[in-house]
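Reading through the structure tokens given below for one structure.
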Amino acid sequence: MIGPALVVANISKRFGGVTAISDVSFEVPRGCLTALIGPNGAGKTTLFNLVTNLFPWTSGDILFNGASLKGSSSRQIAALGLTRTFQTARVFPRMTVLENVLVGGHRHVRSHPIAQALWLPSARRDEMQLQARAEEFLELAGLTRYCHEPATDLPMGSQKMLEVVRALMTTPQLLLLDEPAAGLNDSETAELAALLCAIRDCGVTIMLVEHNMSLVMSIADQVIVLDVGCIIASGNPKEIRRDSRVIAAYMGNDGGQTCA
Ligand SMILES: Nc1ncnc2c1ncn2[C@@H]1O[C@H](COP(=O)(O)OP(=O)(O)OP(=O)(O)O)[C@@H](O)[C@H]1O
């Protein structure tokens, strides 16, 4: 596949009198890690919600692999290979870590439902392949030792990693991660950074919304900065770090965020 993975073209979104996104255009290059940053209320999550069609946009278009996502349901978008995680970790309680990961892969089981119900060899083969893939991803994320633990017993950082691993089981082409480092300590953040780089290096395109600037600046290939629904800057981390509009936007924010 050639061309950008995602094209956002002149997208606007209004909620009543509030313009949350105003004529925003950008491209997400294939195989790269793009970070979407901006002060609180800039419109980052709204943009993710538009890409995954949680609600319709007011004008413009969003193309995934060259085709418009307009009118597609969230389920159809997921089937195209676009997977997202949410700000708060959503692990399934009463399931182990491994079971949580397996849930993410069941859409890809090819055996016939009757073969699955009767536990025929084709179904057993599918399940074994799925489990092998899940174990591989858990190892990549350093979660193997928790495999058979209840997922809710994991520390928050590991639950966030688990969510990313479960998303990987859907074989995404584009992974949208909403604040994956929120609530993580420094060593958990470093583990997450390593996991995201490994995923990107496997060819998966990643787009993340993130407030942790040192994480963004250390792993992003491209950074897009939103402020009050508009793009105020885009470029590589080096360019963004010294952009006066970005510095001004963050200096005016009370959240104590710095663009270091
Ligand atoms: N469902 C909604 N109904 C009305 N207004 C909304 C809705 N969702 C978002 N908004 C408004 O859109 C603007 C952008 O919000 P959004 O949550 O996208 O910002 P954000 O950059 O993700 O912020 P944060 O970093 O705090 O999560 C805000 O003014 C917000 O109040």
Side-chain angles (χ1 to χ4, degrees), residues 6-28 33-62 69-74 77 82-90 156-157 159-160 163-164 167 174-184 189 192-193 196 206-220 222-235 237 240-241 243 245-260:
L6 189 79
V7 176
V8 172
N10 306 106
I11 276 290
S12 295
K13 176 66 186 176
R14 280 188 296 278
F15 293 106
V18 176
T19 301
I21 296 291
S22 179
D23 197 25
V24 161
S25 299
F26 63 88
E27 293 186 354
V28 175
L33 196 156
T34 297
L36 187 59
I37 65 168
N40 295 115
K44 306 177 295 293
T45 298
T46 300
L47 202 45
F48 262 24
N49 289 340
L50 295 175
V51 171
T52 50
N53 250 331
L54 276 189
F55 36 62
W57 52 80
T58 308
S59 58
D61 205 358
I62 300 177
L69 295 177
K70 198 170 192 132
S72 307
S73 65
S74 296
I77 288 173
L82 206 155
T83 304
R84 90 173 270 185
T85 64
F86 289 84
Q87 274 179 23
T88 42
R90 296 177 170 189
M156 181 49 66
Q159 289 193 26
K160 287 267 190 159
E163 244 204 326
V164 175
L174 173 59
L175 199 50
L176 298 174
L177 307 173
D178 199 351
E179 295 194 32
L184 305 197
T189 303
L192 177 75
L196 298 186
I206 298 177
M207 186 165 185
L208 84 158
V209 163
E210 190 46 68
H211 281 293
N212 183 325
M213 288 305 135
S214 43
L215 172 69
V216 166
M217 295 303 170
S218 65
I219 65 173
Q222 168 180 251
V223 183
I224 294 166
V225 191
L226 272 184
D227 191 21
V228 208
C230 298
I231 293 184
I232 57 166
S234 64
I240 294 302
R241 218 182 260 126
D243 190 297
R245 287 160 305 176
V246 179
I247 295 166
Y250 275 86
M251 297 274 275
N253 185 278
D254 293 333
Q257 302 146 359
T258 55
C259 212

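Just so you know, ligand 1 is whichever comes first in the structure, and atom 1 is the first atom listed for that ligand.
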Which ligand 1 atoms, with their elements, are less than 4.0 angstrom from a heavy-atom of Ala20? 12 (O), 13 (C)
Using heavy-atom distances only, which candidate in Leu47, Thr46, Thr45, Asp178 approaches atom 22 (O) of ligand 1 most closely? Thr45
Closest approach of any protein heavy atom to atom 26 (O) of ligand 1, naming residue and atom: Asn40 ND2, 3.0 Å
Donor-acceptor under 3.5 Å (Ser72 side chain, Ile77 main chain): no
Treating Thr83 as the side-chain partner and Leu175 as the backbone partner, does any N or O pair qualify as donor plus acceptor under 3.5 Å? no
When you compare the side chain of Lys160 with that of Leu184, does any pair of heavy atoms fall below 4.5 Å? yes
Distance to 0.1 Å, residue and atom name: give those for the protein heavy atom nearest to atom 14 (C) of ligand 1. Gly41 O, 3.4 Å
4.0 Å heavy-atom contact, Gly38 with ligand 1: no
Suppose we measure from atom 27 (O) of ligand 1 to each protein heavy atom; which comes out shortest, and what is that distance? Gln87 NE2, 3.6 Å
Check whether any N or O atom of Gly43, backbone or side chain, sits under 3.5 Å from an N or O atom of ligand 1, and answer yes or no. yes
With heavy atoms of His211 as the reference, note each atom of ligand 1 found under 4.0 Å away. 25 (O)
Heavy-atom donor-acceptor pair, Glu163 side chain to Leu177 backbone, under 3.5 Å: no
Distance below 4.0 Å between atom 30 (C) of ligand 1 and any protein heavy atom? no
Within the side chain of Thr34, is there an N or O that forms a donor-acceptor pair under 3.5 Å with the backbone of Met207? no
Strictly distance-based, threshold 3.5 Å: is any side-chain N or O of Tyr250 a donor or acceptor partner for the main-chain N or O of Gly38? yes
Which heavy atom of the protein is the closest neighbour of atom 1 (N) of ligand 1, given with residue, atom name and distance? Phe15 CE2, 3.6 Å
Under 6.0 Å from the ring centre and within 45 degrees of the ring axis: does the NZ or CZ of Lys13 meet both conditions for the six-membered ring of Phe15? yes
Polar proximity ligand 1 side, Phe55 side, N/O cut 3.5 Å exclusive: no
May I ask you to test the Phe55-Thr46 pair for a side-chain heavy-atom distance under 4.5 Å? yes
Atoms of ligand 1 less than 4.0 Å from Ala42 heavy atoms? 19 (O), 20 (P), 21 (O)
Sequence neighbours left out, what passes side chain to side chain donor-acceptor pair (under 3.5 Å) with Asn212? Give chain and number order. Ser214
If you compare Lys44, Glu179, Arg14 by their heavy atoms, the one closest to atom 21 (O) of ligand 1 turns out to be Lys44
